[in-house]
Amino acid sequence: MKSQRSTVSRGTMRYFRDEIRIEAPVERVWAVLCDRSRWKEWAPRSEFSDFSGPVDEVGTTYADTTRLMGFTFRMITEVVEVEPLRLYHEHTDTGPVDTKIRLQPEGDATRLVVESDWEVAGVAGKIPGFLKYPIAKRVGERNWRQMLARLKSLAEAEVSEQE
């Protein structure tokens with residue numbers, strides 16, 4: 001099945017949605033998603049630090065320094081909702097950005113759906129409006145697609161190693 005993607009405007013906030021099928025059980029995908037020591041493998045544009053607890057625990061905060069569009073964004077992110085093996089929901093102060101990652105079992109595979117409401121702020125907020133949203137949209141979507149592809153590869157590789 002082809003990935004379904006969309007980005008639309010919701011007032012001043014923007015909405016992004018993408019999904020991917022991962023040929024690994026939901027337990028494996030969840031384990032890779034929640035293993036913060038592996039985040040750099042699938043999110044290489046970011047540096048993560050200052051974790052207040054496990055990332056699969058509501059209330060955990062962490063610092064995220066991301067480089068995109070030639071800018072560096074430093075954000076504090078809080079985990080606001082977790083349903084093990086089903087939902088990881090975080091909110092970032094900069095932007096702001098509100099992201100939900102949902103996992104849906106599909107037999108021995110997993111459908112991963114990411115939805116994000118976001119606003120361009122900080123340094124990128126200085127880009128004129130008629131330019132910043134098209135640029136941020138393109139860069140943000142490409143970044144998410146690359147991260148999802150890396151996460152897929154990691155989870156599927158671990159399944160292959162166990163067979």
Practice prompt. Go through the steps for E106 and R111 under the test salt bridge (charged side-chain N to carboxylate O under 4.0 Å, His left out), then give the verdict.
Written response: CA-CA 7 Å; E106 291 186 349; R111 170 89 32 210; 3.1 Å; yes
Discussion item. Pair R38, L154 - check side chain to side chain contact (heavy atoms under 4.5 Å, CB included), show working.
Written reply: CA-CA 9 Å; R38 304 205 56 199; L154 290 169; 3.1 Å; yes
Discussion item. Would D56 and Y88 count as a side chain to side chain contact (heavy atoms under 4.5 Å, CB included) here? Give the steps.
Written reply: CA-CA 7 Å; D56 59 350; Y88 177 83; 5.6 Å; no
Item to complete: Could you check L112 against R102 for side chain to side chain contact (heavy atoms under 4.5 Å, CB included), going step by step and ending with a plain yes or no?
Response: CA-CA 6 Å; L112 186 148; R102 298 180 190 281; over 6 Å; no
Item to complete: Show your reasoning for whether side chain to side chain contact (heavy atoms under 4.5 Å, CB included) applies to T72 and T65.
Response: CA-CA 7 Å; T72 299; T65 303; 3.5 Å; yes
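In the hydrophobic cluster analysis, where Ile, Leu, Val, Met, Phe, Trp and Tyr join through side-chain heavy atoms closer than 4.5 angstrom, V82 is grouped together with F51. Put simply, V29 and L87 are part of two different groups of oily side chains (I, L, V, M, F, W, Y) that touch within less than 4.5 Å, one to the next. Side-chain heavy atoms closer than 4.5 Å link hydrophobic residues (I, L, V, M, F, W, Y) into clusters, and following such links, possibly through other members, connects W30 to V58.
Legend: residues meeting side chain to side chain donor-acceptor pair (under 3.5 Å) with S37, ordered by chain and number and at least two apart, are D35. Under the rule for a side chain to side chain contact (heavy atoms under 4.5 Å, CB included), the partners of A43 that lie at least two apart in sequence or sit in another chain are F48, M147.
How far CG of D64 is from CD1 of I76: 9.0 Å, rounded to the nearest 0.5 Å. Taken to the nearest 0.5 Å, the CZ atom of R17 stands 13.0 Å off from the OG atom of S116. In this structure, the separation between OG1 on T110 and CD on Q104 is 9.5 Å, given to the nearest 0.5 Å. Distance check: D98 CG to E78 CD gives 11.0 Å after rounding to the nearest 0.5 Å. Expressed to the nearest 0.5 Å, how far CD of E41 lies from OG of S153 amounts to 11.0 Å. For the atom pair R150 CZ and K40 NZ, the distance stands at 10.0 Å (nearest 0.5 Å).
Side-chain polar atoms of R45 and T66 form no donor-acceptor pair below 3.5 angstrom.
The backbone N or O of E23 sits less than 3.5 Å from a side-chain atom of E156, completing a donor-acceptor pair. At least one donor-acceptor pair closer than 3.5 Å links the side chain of T60 to the backbone N or O of P54.
Taking 4.5 Å as the limit, some side-chain heavy atom of Y15 sits within range of a side-chain heavy atom of E115. When side chains are defined from C-beta on, K100 does not count as touching V114, because their heavy atoms never get closer than 4.5 Å.
Screening residues 81-94 for salt bridge (Lys or Arg N to Asp or Glu O under 4.0 Å), with sequence neighbours left out, gives E83-R86.
Among all heavy-atom pairs drawn from L33 and W39, the shortest one is O-NE1, 2.7 Å. Contact detail for L103 and L85: the closest heavy-atom pair is CB-O, 3.6 Å. Contact detail for E19 and V113: the closest heavy-atom pair is CB-CG2, 3.8 Å. Residues A155 and A24 come closest through the heavy atom pair O-CB, 3.9 Å. Of all heavy-atom pairs between W42 and L151, the closest is CB-N, 3.7 Å.
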